[in-house]
Amino acid sequence: MKVWQCIVVSGLACVLTVAQAQETSTPPKDGSQAAEAQPSEAEQDNTNPQSAESAPSEQETAQQADNGSAPKQDWTPDALFEHVVGRAKEMAGSSYVAPESSLPDELANMEYHDFRNIRFRRDAALWRNERLFEVQLFHPGFLYDTPVDIHVLRDGRIDEVAFDSNMFEYEGQTGHIRDIVQGMKPENLGFAGFRLHFPLNTPQYKDEFLVFLGASYFRMIGRDQTYGISARGLAVNTATQGGEEFPAFREFWLIPPEPDSSRITVFALLDSPSVTGAYRFDIEAANNTVINVDSRLFARNDVAKLGVAPLTSMFLYGENSVQHYDDFRPEVHDSDGMLMHTSGNQWIWRPLSNPPSLNVTQLRDNTPQGFGLMQRDRDFEHYLDTALNYEERPSLWVETLGGDWGEGGVELVEIPADSETYDNIVAYWVPDDDFRAGDERHYQYRLTTYDEPIPHREFARVIRTRQGWGAQPGESNGPPRSLRRFVVDFKGGELPSLSASQPVEAQLTTSKGETSELHVRKLPDGETWRAMFKLSPQDDEPADMQLKLTLRGKPLTETWSYIWDPNDL
């Protein structure tokens, strides 16, 4: 198994990867991140402006769509997905046509506060009072000026959900928006995206738990979790000189679940200048929400870098940061580390950082078992933020299931950020094999939200990473500040049962520089073991370090992987 290979990219235009499918129940974020676009049901006015009888029925708000030559009464979910696959393959064989927005300027240039004041009527939800799941839709406009088509498979036929202004409440100063859309043809409007609701936390209330909104972004939460990290259908040319390409879901097909089922299936058609794709999402709403993803990709043009199962998150500062922030909160991040489970059963933990320049690192493997961006720190005392509740942000884990994974690497992109409004962390799988025009790929994987650590109980895990100047207290002629002292604390596995007299050792390596004063000891809580050492960097070169604890040669812990760049000072 190869270790983390540090690639410090300089002189590259730094374009922040901003998730569009943002939370709908927290205060808005600035800039290009339309974080909460439309409010969740909990935020909506509890008054009933219109009775359920006045709301458009599912039949009244749908029109049949011509989706192929098969009889409209004979579609099955499997046949429909194969049809979507065929659509994607056919599109890849033709030139890319950028979608043109038919929205008037009043919608396309809508201000954020106006977009947020257009609220979907709960009594207009698809499957209202028919199933445990309900579907609410997002109004087009603001950043979302290229609407998507949404279809429903119903009794063997495919119906398109047509836009209807009666689905929405136009609050505040948005009455003129209602007047504009009422004068337009529904087929020229469409929807920005949709969100799924399910009685996740209590039987009485259907919580929003999954949102598809913007490009190929989607966000998901489980029970007692708060929106944070995003997933994407695909990443193309992330952190490359030519600039990133953002594939987008252009159409969705919703497969109605059984009335009392906690599982639902969604199909999506993806398109971009370089790649097309068909996606099947088998979704289970539960304590940890699970999505089984079946993706079929087709290269329209050569792709410089393919990013499979991409995750996007935010890390501003944490316990390992050296930057000072004038903020009352000790830590600010949606995720605090990258975790990988290799094909050889090695668990590797890489704490995240907010670097002064773009960092791109990669961990090599052949068909890894899994990887994810994790929010391990669940202690409110470490954030002290009563509004954003960072301790409730979920981890998101990718488990590979089948397909063309092969040789490649999990790539981690860390982008400099000066505000928590930017999603500056991206992780995805990069296959070694070139993806050239005419090629096809198939990737199957499972996405799972977690509010607890991934269960790999045989190994202890890293619970803290701290660092500081390596000088001794009160030292008059101290060493250069580039001399760093690192403290890594492990907990779990066999460690609590081991006596402090046991010969627990630390195995430490570094790619650059020299390490010294390596010590291992059991902490007073009786459960945690600490490894502490100093690093003297070599010139200004980054040091790629690996550390784990062993007992008589047997690994006791996951591998701590950390890249220290002296330029961070």
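In this chain, residues are counted from 1 in sequence order.
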Between [X] and [Y], is the ring centroid distance below 6.0 Å?
{"X": "F194", "Y": "F252", "result": "yes"}
{"X": "F120", "Y": "F138", "result": "no"}
{"X": "W397", "Y": "H341", "result": "no"}
{"X": "F115", "Y": "Y144", "result": "yes"}

Does any N or O in the side chain of [X] come within less than 3.5 Å of the main-chain N or O of [Y], such that one atom is a donor and the other an acceptor?
{"X": "S102", "Y": "N188", "value": "yes"}
{"X": "S165", "Y": "R178", "value": "no"}
{"X": "D439", "Y": "F435", "value": "no"}
{"X": "N292", "Y": "D282", "value": "no"}

- Plane angle bin for F218 and F249 - parallel if under 30°, tilted between 30 and 60°, otherwise perpendicular: tilted
- State plainly whether the residues K305 and E411 are in salt-bridge range, i.e. N to O under 4.0 Å.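 Here K305 pairs with E411 in a salt bridge, since their nearest N and O are under 4.0 Å apart.
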- Message: Go through it in stages, so that I can follow the logic: the residues are H151 and F267, the test is ring-ring contact (aromatic ring centres under 6.0 Å, His included), and I'd like the CA-CA distance, side-chain angles, deciding distance and then a yes or no.
- Response: CA-CA 10 Å; H151 314 274; F267 303 148; over 10 Å; no
- Starting from the C-alpha separation in whole Å, work towards a yes-or-no answer on side-chain contact (heavy atoms from CB on, under 4.5 Å) for V332 and F315. CA-CA 7 Å; V332 173; F315 182 92; over 6 Å; no
- Message: Working to the nearest 0.5 angstrom, can you tell me the gap between R195 CZ and E208 CD?
- Response: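 Rounded to the nearest 0.5 Å, the CZ-CD separation comes to 5.0 Å.
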- Query: Does R441 make a cation-pi contact with W405 (under 6.0 Å, within 45 degrees of the axis)?
  - Reply: no
- Message: So if I apply the salt bridge (charged side-chain N to carboxylate O under 4.0 Å, His left out) rule between R393 and each of D336, D451, D334, D377, which one comes out positive?
- Response: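 Among D336, D451, D334, D377, the one that satisfies the salt bridge (charged side-chain N to carboxylate O under 4.0 Å, His left out) with R393 is D334.
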- Name the one of Y279, Y443, Y428 that satisfies side chain to side chain contact (heavy atoms under 4.5 Å, CB included) with L234?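 Answer after filtering Y279, Y443, Y428: Y279.
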- When you look at CD of E82, are more than 12 heavy atoms from neighbouring residues, nucleotides or ligands closer to it than 6.0 Å? yes
